[in-house]
Each structure stands twice: as C-alpha cells, then as structure tokens.
Number of protein chains: 2
Amino acid sequence: MSSANSLAVDDLGSAAQRDRRKRILDATIALASQGGFDAVQMRAVAEQADVALGTLYRYFPSKIHLLVSALQREFERTEVALRDKPVDGDTAADRVINALKRTTRGMQSDPQLTEALTRAFMFADASVAAEIHQVGMLLTAMVTRAMYPEGHEELTDEDVSIAQVIGDVWLSALVGWVTGRTSAAETGQRIEVAVRLVLRD
Amino acid sequence: MSSANSLAVDDLGSAAQRDRRKRILDATIALASQGGFDAVQMRAVAEQADVALGTLYRYFPSKIHLLVSALQREFERTEVALRDKPVDGDTAADRVINALKRTTRGMQSDPQLTEALTRAFMFADASVAAEIHQVGMLLTAMVTRAMYPEGHEELTDEDVSIAQVIGDVWLSALVGWVTGRTSAAETGQRIEVAVRLVLRD
DNA sequence: TCTAAAATAGGAACACGTTCCAGTTCACCG
DNA sequence: CGGTGAACTGGAACGTGTTCCTATTTTAGA
C-alpha cells in the first residue's frame, strides 16, 4: 500500500502506458455515458479498453478510483474551458451563477455519465481521499476564478470559505438531481439562491 | 415495483412484523457501529436479527434502503432529543451552530456507524428517493427549529432556503469527515463559517 | 375449527467487484 | 545480441449483494 503505485498520481510512464490509461478512461466514460454507474463494469471496461482485467486494476485499484479519476479528467477539461471562455456578469454572484449554470448544463446533457461520476464521488471512502481532494480543489478554483476573473492577487480566508460553501451546495444539489429528487430547474434555482445568500455584494 | 410494498412506508403490519422490523434495524445499527458500511452484510444482518435472508429483503429491498431507513430512525431520535432539550443561544446563528454541533458530536462518537449511514445516504439512487427525502425534511426541520425555537407561525421561502443551504454544507462536511479528508475540528469550523455566512442577524 | 392466502425459513444460484496465478511479451542493461 | 525483471494477458476463483424456489408456519376469514 505504499510502494508499487508507480502510476498512482500522475506518474509519467511510457507513451504506451499513457495511451493505455487514456483508453481505459475513454472506455469508462463511454460506458458510463451509455448506462450510468451500473454499466461501468470492470470486465466491460477492460474489454472495451483492450486491456486485461488485471491490468485495469494495476492502473486503477478499484471501480471508485476509476470513476473518480474519470471525473477528475472531465473536470479539468471543464476548468480549462471556463478559463478560455470566462463567464460574464457584473457582480461576483452573477459570474459564479453563470459559471455553475454552464457547468451544470453540461453535466445535465449527459445524465447517465453525471450519475455515474457523481455517485462514485459521493461513495468514495478514505482510500480515494487524494483524488477527491483534487476534484474539490478544482471546484473551488472554478468558483473563486468566477468571483475574481482578473489575474487576482490574494484570496482571503472568507473568499475560500464562500467558495467552499458554494461548492458544497452545488454537490448536494447535483446529488438531488441525480437521484431524481429535484428537477433541473429546481437544481439551478437552489444554486442561485445559495450563491446570492453568501455573495451579497 | 408498485404494489407488493405493504411495508414500504410506515405501513403498520402486525406486532410481530413491527418487532421484526425493529430487530432488523437494531442488528443493522449494531453491525454498522462495530465495522462500518462493509460490516453490514445482508446475511449477517439476517442472522443477527434472527430472520431469513428472503425476509430481510421483503422488509428492505436493498442494503441501501436498509441503511437509509436506519439513518432515518436515528435521525428521528435526534430530532426528538433536540425538541426535548432545545439548544440555547442568543441569535439564530448561535442556536443553529449549537444544534448542529451537538448532533455532529453525537455522530462522531460512533465513527463507524456514521460512516455506514452517511455513505449509504450519499450512494442512494432514485429508488431510495422517498426515504432520502424524509431524511432531508428532518434535517431542515431541525435547522429551522433551531432558527425559531418558539412555536413558530410561518417560515418564509428564504428561511427554508437558508436551512437547505446549511443542511447541504453539513452533509458535505460530514462526508469530508467520514472519508478522512477533514478532522472533527475542521468539520465544526466549516459548518460554523457557513452558518454565519447565511445567517447574519 | 377448518381452510386458503400470506409470510417466513432455509438455502441454492447468479452477477459483479476483486484477487490471484501461470504463462507470455516487452523494455532496458550488460 | 542475450538475459532479466517488470508489465501484460487470459482466466479461474472468491466474497457479498441480490434473486429465486420449495417447504413450512402463521394469519385471517368463513
């Protein structure tokens, strides 16, 4: 549980290895997108990625690690997209709401994928803490960037706390939507209300 | 999936059935308390509750239903306890913080149980929506009661939104603690910061 | 009290996540 | 080039959630 993880973090590896990793994550996303969490079966992922089951487990030590890593990759793309094409809005609250709505809309356009990734994220236990933490950082980074779009100097503790609260609400709202308890409209509403509560400029 | 659930909600049933249900939930809590989510194995629950496996599934259609129902029962007890012995505090924020801290402290005194119940709650899918919704209602009820301790006439939409936001943050913080990402102290801190953000009297 | 229906017991069987192993291929070093 | 260890393949095997089936017990109604 300490050595052996030559691939654990973002450890390079050969080009062939990077390619295998990519194929695995691609297969994961494809299966999740089609059938959600239950459809991401380790044997199916291995087959579709053209690797042996044991190899799949060498790259990702569990189904949850696999899905959270997929979520991380998707989130990184989202973050880059938001960076390339920043949201507009006159106040911090408006910008944050727009950023989250854009992201949420993207996820809601692929409900099965969102269900798979969200449930994996929520189900993760302590062994996935590192990956979970990465995703959390990305999320608060996206929120704080929307709060302060310009190349910004310093974030206060309160800024970070606010971003965390917004992130928490966003996750809970997403879980509510994924489990069919709240509609897409209600989800957006709930996020907007929360942002306006904590960001009263 | 539509009829057949004569026991789904809180449907009475005979005294023997109520007793079986209680034994099952007791066994669930005992096993969870001792070994967490993984220790709540359906065969073990059935054996400890002195019930056949098929009977267990007649009462609770899945492990997640079982654990969320256990969470619901625990939460109902918590809610009653809070009602019997209301928190004190001069402002709504103080009272809410005290109520949540008391509850959180209770859960943190049994980490394995909390891990089991929290993870089940977060992993639940659409088929558990009803039970999940109950728990959510209990949570916001606890928060709004702390906000307005007196027999209160009306809650505004904003009151409910505020309580929801607080509940969301509390759940996220709990997940963070359960997965070992945040310490107990940080968890309390995070909740307090959020409450003070949304409840500025 | 007798009988039909519902509930329960007991346990086999299946699905999928996970582990493990024997054999093969690949990458690098001398 | 040959050898050595790591990585990979293919697949068997195991554990636990879930389903299913038959025999037995309990319950409710006539």
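Predicted model, so just to flag it, every value in this text is computed and none were measured. Below, read A as the first sequence line, B as the second, and so on, with proteins coming before strands; counting in each chain starts at 1.
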Using heavy atoms to find the nearest nucleotide of DNA chain D for Q41(B) and A16(B) separately, return the residue whose nucleotide is more 5′.
Q41(B)

No-hydrogen, no-angle side-chain donor-acceptor test under 3.5 Å, S183(A) and E186(A):
yes

Just how far, in rounded Å, is C1' of dT8(C) from CD of E47(B)?
17 Å

Separation of dG10(C) atom P from R58(B) atom CZ, nearest Å, is 16 Å

Is it true that the side chains of S33(B) and D110(B) contain a donor and an acceptor less than 3.5 Å apart?
yes

Donor-acceptor pair, side chain of D159(A) and main chain of T156(A), under 3.5 angstrom:
yes

Could you state the atom-to-atom distance from CZ of F60(B) to P of dT18(D) in whole Å?
13 Å

What is the distance from CE of M42(B) to P of dT16(D), rounded to the nearest Å?
14 Å

Minimum heavy-atom distance between V165(A) and A194(B), given as atom pair plus value:
CG2-CB, 3.6 Å

With the side chain of Y57(B) defined as its heavy atoms from C-beta on, choose the nearest nucleotide among dA7(D), dG17(C), dG17(D).
dG17(D)

Can a donor-acceptor pair under 3.5 Å be found between the side-chain atoms of R43(B) and the base atoms of dT18(D)?
yes

Might you point out which heavy atoms bring R102(B) and V87(B) nearest each other, and give the distance in Å?
NH2-CG1, 3.5 Å

Which whole-number value in Å describes the distance from D38(A) CG to dG17(C) P?
9 Å

Contact check, residues 25-37 of chain A vs DNA chain D, heavy-atom distance under 4.0 Å, returns none

Separation of dT18(C) P from K63(A) NZ (nearest whole Å):
8 Å

Quick one: label V40(B) by what it contacts on the DNA or RNA (base, sugar-phosphate, nothing), any heavy atom closer than 4.0 Å.
sugar-phosphate

V51(B) side-chain proximity, nearest of dA7(D), dA9(C), dT19(C)
dA9(C)

Side chain to side chain, R200(B) and R200(A), heavy atoms closer than 4.5 Å:
yes

Could you label the plane-to-plane angle of the F37(B) and F123(A) rings as parallel, tilted or perpendicular, counting under 30° as parallel and over 60° as perpendicular?
perpendicular

Short side-chain N/O contact to dC8(D) OP1/OP2 from Y59(A), under 4.0 Å
yes

Roughly how many Å is it from CG in L56(B) to P in dG10(C), rounded to a whole number?
14 Å

More 5' along DNA chain C: L53(B) or R20(B), using each one's nearest nucleotide?
R20(B)

What is the distance, to the nearest angstrom, from the CZ atom on R18(A) to the P atom on dA27(C)?
14 Å

